[in-house]
**Q** 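Right, I'll just put the structure down here and ask away after.
Letters A, B, ... are given to chains in the order of the sequence lines, protein chains preceding strands, and every chain is numbered from 1. All values derive from a computational prediction rather than experimental measurement.
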There are 2 protein chains.
Amino acid sequence: MRDSADTGMAASVGPCASIPVEHMGFVRQVLDRVGDKWSMLVIAVLESGPMRYTDLQRQIPGISQRMLTRTLRQLAEDGLVSRTAYAEVPPRVEYALAPLGGELRDIVRQLIRWAADHHDEIRANRSRPDATAPSEARP
Amino acid sequence: MRDSADTGMAASVGPCASIPVEHMGFVRQVLDRVGDKWSMLVIAVLESGPMRYTDLQRQIPGISQRMLTRTLRQLAEDGLVSRTAYAEVPPRVEYALAPLGGELRDIVRQLIRWAADHHDEIRANRSRPDATAPSEARP
DNA sequence: CAGGATCCGAGGCGATACTG
DNA sequence: CAGTATCGCCTCGGATCCTG
């Protein structure tokens with residue numbers, strides 16, 4: 001294959017050149033968890049501190065109990081969030097970012113900032129006629 | 001584009017509330033595109049330079065033509081990647097990161113690094129007995 | 001070579017009802 | 001309050017065939 005020298009951004013491409021295909025597998029695995037519809041939002045909401053089940057549900061409009069429960073369970077399973085249940089009455093369960101999730105938090109925050117920064121641009125682009133149309137070429 | 005006071009701190013993200021609920025909507029929108037199974041991988045692969053359809057398919061094991069086409073179309077629609085078709089024979093179409101996608105590239109790279117760095121930790125956590133079980137409390 | 005069209009199964013996801 | 005259980009829609013996503 002051709003090399004990255006042609007784009008002039010050679011400095012960005014580090015020691016290993018983007019993604020070694022051998023890493024594709026687990027990158028997919030992790031992205032599958034972290035990149036699904038709700039996980040990032042949960043992490044993002046949790047970055048402001050520990051939160052209870054119902055509060056999470058309120059903070060994330062559109063999520064159903066099913067999905068909130070599933071997502072929290074997944075994240076807890078992966079060790080990204082911690083679950084603490086206090087044996088009181090009424091029952092209280094608090095979810096918080098685990099240290100592992102804490103590192104992700106910064107990335108998610110950047111992603112959200114990027115989204116906030118460019119979402120109008122993206123929406124504008126979506127209204128454009130083509131860029132996806134089978135139009136011509138320019139040799 | 002508006003500004004590129006990049007890699008610093010924007011006024012959008014406040015100290016306390018992390019994500020203003022009013023932003024939830026488009027965060028979901030963007031995350032839906034960027035956070036799906038394949039988009040990030042395409043962006044990641046594209047970071048090493050422009051690439052043709054078939055090369056992308058080879059670089060991303062497990063992706064089907066349908067999904068590759070769909071993903072590329074979405075990304076092009078959103079202005080994250082550019083599509084250039086050369087009217088030659090045989091036809092040649094090259095996809096590259098658009099400037100908008102270029103900013104995302106860094107974030108995706110961090111995410112991938114994070115994934116590479118912690119994937120074994122995550123897998124280890126997944127093997128743990130509970131943390132998801134409806135067990136007791138720990139006051 | 002790049003991608004459109006179609007069929008089809010798996011499961012994501014929401015709505016509702018019930019429990020401790 | 002914090003879930004679990006069940007049902008059903010509907011999209012995601014892969015396999016296959018076909019075109020320019």
**Q** Is there a side-chain contact between B:Glu47 and B:Ile43 (heavy atoms, below 4.5 Å)?
**A** no
**Q** So how far is it from B:Arg73 CZ to B:Leu75 CG, rounded to the nearest 0.5 Å?
**A**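 Rounded to the nearest 0.5 Å, the CZ-CG separation comes to 12.5 Å.
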**Q** Provide, to the nearest angstrom, the distance between the CZ atom belonging to A:Arg73 and the P atom belonging to C:dG12.
**A**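 Whole-Å distance recorded here is 14 Å.
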**Q** Nearest whole Å is fine: how far is C:dG20 C1' from A:Arg92 CZ?
**A** 18 Å
**Q** Of all the choices, D:dT4, D:dG3, C:dG4, which nucleotide is nearest to the side chain of A:Arg83 once you look at every atom?
**A** D:dG3
**Q** Once side-chain hydrogen bond (donor to acceptor under 3.5 Å, both in side chains) is applied, do any residues pair with A:Glu103, and if so which ones, sequence neighbours excluded?
**A** B:His118
**Q** Rounded to the Å, how far apart are A:Ile60 CD1 and D:dA2 C1'?
**A**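 Atom-to-atom, A:Ile60 to D:dA2, this comes out as 15 Å.
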**Q** When you compare the side chains of A:Tyr95 and A:Thr84, does any donor N or O come within less than 3.5 Å of an acceptor on the partner?
**A** no
**Q** Can you check the A:Met51 CE to D:dA2 P distance for me, whole Å?
**A**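 To the nearest whole Å, that distance equals 12 Å.
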**Q** Please check if the side chain of B:Tyr53 supplies one atom and the backbone of B:Gln65 the other of a donor-acceptor pair under 3.5 Å.
**A**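 Confirmed, B:Tyr53 side chain pairs with B:Gln65 backbone.
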**Q** Can you tell me how far P of D:dG3 sits from CD of A:Glu88, to the nearest Å?
**A**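 Spelled out: CD on A:Glu88 to P on D:dG3 is 14 Å.
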**Q** Using atom CG of B:Asp55 as one end and atom P of C:dG3 as the other, report the distance to the nearest whole Å.
**A**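 Result: 12 Å.
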**Q** Can you measure B:Tyr86 atom OH to C:dG3 atom P for me and round it to whole angstrom units?
**A** 13 Å
**Q** With rounding to the nearest 0.5 angstrom, report the CD to CG distance, A:Gln59 to A:Leu46.
**A** 10.5 Å
**Q** Taking protein heavy atoms under 4.0 Å as touching, what does nucleotides 7-20 of chain D look like 5' to 3' if B marks base contact, S marks sugar-phosphate-only contact and - marks none?
**A** B----SBBBB---B
**Q** Working to the nearest 0.5 Å, report the span between CG of B:Leu100 and CG of B:Leu97.
**A** 10.0 Å
**Q** With respect to the side chain of B:Arg52, which nucleotide from D:dG3, C:dC1, D:dA2 is positioned closest?
**A** C:dC1
**Q** Output the rounded distance in Å from CD (A:Gln57) to C1' (C:dC13).
**A** 14 Å
**Q** Do the side-chain N or O atoms of A:Tyr95 get closer than 4.0 angstrom to the phosphate oxygens (OP1, OP2) of D:dG3?
**A** yes
